[in-house]
Amino acid sequence: MKKTGLALGGGAVLGAAHVGVLRAMSELDIPVSMVSGTSIGAFIAALYAFGKNWQEIRDIAFDLDWLDLSGLVLSQYGLVTNKKFGRIVTELLGHKNIEDALIPLSMVATDIGTGKKVVFTKGDVAVAVMASSCIPGIFRPVNYYGAMLVDGMLMENVPVSPLVESGAESVICVDLLSHHAFKKPENIIGLLLNAFYCSITNTTAIQIESVDLCISPDLSQFNLIDCDQIPDILDEGYRTALRVLKEWMEREG
């Protein structure tokens, strides 16, 4: 059987669609040999790699107030810190290193001091999730051995390359933003998210050209920050994934 890698992309609250994808893959008995994630995708990927099933991740997503992942910290580099996000990961998984995961796990962040991509494949899983989901301008960068790390979306919002480099023979990715409909932002968070996501959409299309299957649910009716949408986003991810995965399995024979 081919070693199948799953890449989960960023997209703030739209990340709930990833849980729907995991549900569809579970129901269709599609095994995942390795998983990668960027931003909210890193959070979901970490939970999955450490053995949480889709139902457990769904319950976590329903309880999670995405905008309450931070406490106000005055800093010249950001409005808030997302250390609370790190604490949530530790509460859910314990003090774990990435290499302790049940399947190989990689998470993408950006070194904002050098402009280079950072791929976490070992070390503290909570720190890696914090760094990968650290939206610049909103969250204070994560200090990692002197490097200033921020959201991996700036480098690779749908992290396919870590899976290829890890030997994946088949790659399935989830692109949350391919159908994204931009709306007039109502606050600074919406403004910054719009700015980043409009700049990465074209880059993502190029980066995922080589994948075997891209699952791209139409989430255009949803915004990036309203947690009340999470159940509907999850359902849309599930419906799209179930259809696309069934078609893919028929083609693959």
Side-chain angles (χ1 to χ4, degrees), residues 3-13 15-23 25-26 31-71 73 78 80-111 118-135 139-153 159 162-163 166 168 174 227 230 234 237:
K3 287 169 61 179
T4 299
L6 176 64
L8 303 180
V13 171
H18 290 321
V19 187
V21 173
L22 294 177
R23 176 186 173 188
M25 295 186 76
S26 172
V32 174
S33 302
M34 61 186 76
V35 63
S36 64
T38 296
S39 202
I40 191 63
F43 178 64
I44 304 293
L47 298 179
Y48 182 72
F50 276 89
K52 300 287 186 188
N53 60 37
W54 75 264
Q55 295 99 326
E56 291 172 306
I57 300 173
R58 174 198 60 197
D59 293 344
I60 292 164
F62 284 174
D63 289 339
L64 195 65
D65 183 350
W66 187 78
L67 292 180
D68 190 36
L69 297 177
S70 55
V73 172
V80 293
T81 172
N82 70 345
K83 283 183 179 177
K84 200 172 189 180
F85 209 176
R87 285 198 296 271
I88 291 170
V89 173
T90 302
E91 285 170 11
L92 293 169
L93 302 180
H95 290 279
K96 299 285 188 182
N97 285 331
I98 298 168
E99 54 267 41
D100 299 328
L102 300 178
I103 59 173
L105 166 65
S106 52
M107 292 174 274
V108 174
T110 302
D111 184 336
V118 176
V119 180
F120 283 94
T121 56
K122 58 184 179 180
D124 190 309
V125 66
V127 171
V129 170
M130 281 170 53
S132 183
S133 59
C134 187
I135 302 165
F139 295 127
R140 192 170 59 173
V142 173
N143 187 323
Y144 186 73
Y145 295 104
M148 294 172 62
L149 302 187
V150 299
D151 202 307
M153 65 178 173
L163 299 176
S166 297
V174 185
C227 292
I230 284 176
L234 194 156

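Only a predicted model underlies this, so the values are computations on that prediction, with no experimental measurement involved.
- With N97 contributing its side chain and E99 its backbone, the two residues share no donor-acceptor pair below 3.5 Å.
- Rounding to the nearest 0.5 angstrom, the gap separating the CG atom in L47 from the CG atom in L8 is 10.5 Å.
- No donor-acceptor pair closer than 3.5 Å links the side chain of T4 to the backbone N or O of V32.
- By the 4.5 Å heavy-atom criterion applied to side chains, M130 and L149 are not counted as neighbours.
- Side-chain contact check for F62 versus L234: some heavy-atom pair is nearer than 4.5 Å.
- Atom CZ in R58 sits 13.0 Å away from atom CD1 in I230 (nearest 0.5 Å).
- In this structure, CG on L93 lies 6.0 Å from NZ on K52, to the nearest 0.5 angstrom.
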* I would like to know whether V89 and K96 meet side-chain contact (heavy atoms from CB on, under 4.5 Å); could you show each step before the answer? => CA-CA 9 Å; V89 173; K96 299 285 188 182; over 6 Å; no
* **Derivation of the side-chain contact (heavy atoms from CB on, under 4.5 Å) call for D124 and Y144** => CA-CA 11 Å; D124 190 309; Y144 186 73; over 6 Å; no
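- When all heavy atoms of I44 and G15 are compared, the closest pair comes out as CG1-O, 4.3 Å.
- Checked by atom type and distance alone, the side chain of S132 pairs as donor or acceptor with a backbone atom of S39 at under 3.5 Å.
- Not a single donor-acceptor pair under 3.5 Å links the side chain of S26 to the backbone N or O of L22.
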* To do: Show your reasoning for whether side-chain contact (heavy atoms from CB on, under 4.5 Å) applies to T38 and D151.
  => CA-CA 8 Å; T38 296; D151 202 307; 4.1 Å; yes
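- Of the possible polar contacts, one joining the H18 side chain to the G9 backbone as a donor-acceptor pair under 3.5 Å is found.
- Taking both residues in full, the closest heavy atoms of P159 and V108 are given as CB-CG2, 3.6 Å, listed atom of the first, atom of the second, then distance.
- Closest approach of G146 to N143, counting heavy atoms only: N-OD1, 3.1 Å.
- Considering every non-hydrogen atom in both A168 and G5, the closest pair reads CB-N, 4.1 Å.
- When each of P104, S166, S106 is checked for a side chain to side chain contact (heavy atoms under 4.5 Å, CB included) with S36, only S106 meets the rule.
- Residues F50 and L105 form a side-chain contact, since some pair of their non-hydrogen atoms from C-beta on lies under 4.5 Å apart.
- The shortest heavy-atom contact between A128 and I98 is CB-CD1, 3.7 Å.
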* Asked: V125 and F120: side-chain contact (heavy atoms from CB on, under 4.5 Å), yes or no, with the steps?
  -> CA-CA 9 Å; V125 66; F120 283 94; over 6 Å; no
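- Scanning all heavy atoms of the two residues, the minimum distance from A126 to T90 falls at CB-OG1, 3.4 Å.
- At a threshold of 4.5 Å between non-hydrogen side-chain atoms, the residues E56 and L92 do not count as touching.
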